[in-house]
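Chain letters run A, B, ... following the sequence lines, proteins first and then strands; every chain starts at 1. This structure is a prediction, so every number in the text was calculated from the model and none was measured.
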Amino acid sequence: MRIATWNVNSVRARLERLLPWLAERQPDVVCLQETKCIDEKFPREEIEDAGYQVALHGQKTYNGVAILSKKPIEDVTRGVGIERFDKDARVIGATVEDVMVLCVYVVNGHEVGHPRYDYKLEWLGALRDFIVDRFPMDEKVSVCGDFNVTFDDLDVYDPERWRGRILCSGPERKALTDLCETGLQDGLRPFHPEGGVYTWWDYRRRGFEQGNRGLRIDHHLLSPSAMACCSGVEVDFEARAGVRPSDHAPVIATLE
DNA sequence: ATGGTGGCGAGGCCA
C-alpha cells in the first residue's frame, strides 16, 4: 500500500495538477491538507471518476483536510475531540484495510512568540493526547500531513538563517519529537539519513526555482509495525515543478 | 531587500 500526503493549497485551484498526478502515481491512499473548501464544493465527482473514494472534513477559505482511497474507507473520525482545537478543520482519520491513517494539518504559528505560536504548541500537545488515546501502537499507523515543523537542521536548506525561527524553533521540535514518544517515528529519515530532502519551498522567496531552498515540514510518522513493512518514503519533487504548483510536494510512503 | 507570491474572495487575512 502506498500512502501519500500532500498539502495542495486549495484542492480546487490544484485540481489540474492533482488529477494527472493521481492517474500517473496511482497511490492507494492520499491525505490532503489545505483543501480550503466546504464539503459541498469539494470536487468529489472528478476524484471519484479517477477511482478514489473520499472522506472529507472541509472548511471555507482556510484549512480543510481529506482522505482519498482506492479501497473502502472505514471508521472516519474528524478532529481531536476538543472543541477549542476542532473549530478549524485540521484532522481527519480513517482505516483502510489494516492501516490506520491520521491526516493532520498542524497550526502554522505565524512567528515565534505570536499568540498563534503558543496555540500551535498547545495544539500539538492535544494531537499527542489524541494519538495516545486512539492509536494502538501494535497496529499499522501512519500519522501524516503538514506538521509545519522540521525535525532538525538536516531538514533545513540554510540552518543559520532559520535558527530559532518559526518551523525550526526548539519548542516546536520538542513538540514534534514528543509526538514520536507515543511510539511513532519519522518514516523518511531512515531512508535519507544525510538530510537535505525538503517538502516545502516558499513561493515568495522563489525557493524552489532558485535552487532547492526548502524545508521538510511534511511527514509520515509511522508505528513500529508500519515502519517494519515500510520499503521507502520519498518526496515527489516533480510535483512541485511546472505550472501552478502547490508550495508543498507530496510525500509517499510504501508499506509492503 | 523585514520584501517577496499565491489563494480566497472581493479587502484583508493567512501561509
ask   = Could you state the interatomic distance from CD (A:Glu181) to NZ (A:Lys174), rounded to the nearest 0.5 Å?
value = 8.0 Å
query = Using the benzene-type ring in the case of Trp, are the ring centres of A:Phe151 and A:His219 under 6.0 Å apart?
reply = yes
task = Rounded to the nearest angstrom, tell me the gap between atom CD in A:Gln33 and atom P in B:dA15.
result = 14 Å
Can I get a per-line list of side-chain donor-acceptor pairs under 3.5 Å for residues 52-61 of chain A, giving both atom names and the distance, sequence neighbours left out?
from, atom 1, to, atom 2, distance (Å)
A:Tyr52, OH, A:Pro27, O, 2.6
A:Gln59, OE1, A:Asn63, ND2, 3.3
A:Gln59, OE1, A:Ala89, N, 2.7

query = Should the pair A:Tyr157 and A:Tyr198 be assigned to parallel (<30°), tilted (30 to 60°) or perpendicular (>60°) ring geometry?
reply = perpendicular
ask   = What is the distance from NZ of A:Lys36 to P of B:dG6, rounded to the nearest Å?
value = 13 Å
inquiry  = Work out how far the C1' atom of B:dG11 is from that of B:dA1, and round it to whole angstrom.
reply    = 26 Å
Integer-rounded Å distance: B:dA15 P and A:Trp123 CH2 = 12 Å
query = In terms of side-chain heavy atoms, does A:Asn7 have a donor or acceptor partner in A:Glu34 at a distance below 3.5 Å?
reply = yes
ask   = In whole angstrom, what separates A:Glu172's CD from B:dA15's P?
value = 13 Å
query = Expressed in angstrom and rounded to an integer, what is the separation of A:Phe42 atom CZ from B:dC8 atom P?
reply = 13 Å
query = Does A:Tyr62 get its side chain close enough to the base of B:dC13, under 3.5 Å, for a donor-acceptor pair?
reply = yes
ask   = Can you tell me how far the CH2 atom of A:Trp21 sits from the CG atom of A:Leu18, to the nearest 0.5 Å?
value = 7.0 Å
ask   = Looking only at atom C1', what distance separates B:dG6 and B:dA10, rounded to whole Å?
value = 16 Å
request  = Starting at atom CG of A:Asn9, determine the distance to atom P of B:dC8, rounded to an integer number of angstrom.
outcome  = 8 Å
task = Give a yes/no on whether any side-chain N or O of A:Thr61 is located under 4.0 angstrom from OP1 or OP2 of B:dC13.
result = no
Interatomic distance, A:Trp200 CH2 vs B:dC14 C1' [rounded to whole Å] = 13 Å
Sidechain N-carboxylate O distance under 4.0 Å for A:Asp98, A:Lys140 = yes
task = Please determine if A:Arg173 and A:Asp178 form a salt bridge, counting it only when a charged side-chain N lies under 4.0 Å from a carboxylate O.
result = no
inquiry  = Among residues 202-220 of chain A, which ones have heavy-atom contacts with DNA chain B below 4.0 Å?
reply    = A:Tyr203, A:Arg204, A:Arg205, A:Arg206
A:Phe208 ring center within less than 6.0 Å of A:Phe237 ring center = yes
query = In terms of the angle between their ring planes, are A:His248 and A:Trp200 parallel, tilted or perpendicular, with boundaries placed at 30° and 60°?
reply = tilted
task = In whole angstrom, give me the gap between the P atoms of B:dA15 and B:dG9.
result = 15 Å
Distance, P atom - from B:dG12 to B:dT2, rounded to whole angstrom = 25 Å
query = Just to confirm, is there a sub-4.0 Å distance from OP1 or OP2 of B:dG9 to any side-chain nitrogen or oxygen of A:Lys60?
reply = yes
Nearest-Å distance for atom pair CG/P, residues A:Asp88 and B:dC13 = 17 Å
message = For A:Tyr105 and A:Thr35, find the nucleotide of DNA chain B closest to each by heavy atoms; which residue's nucleotide sits nearer the 5' end?
response = A:Thr35
query = Hey, can you pull the residues of residues 106-122 of chain A with a non-hydrogen atom under 4.0 angstrom from DNA chain B?
reply = A:Asn108, A:Arg116
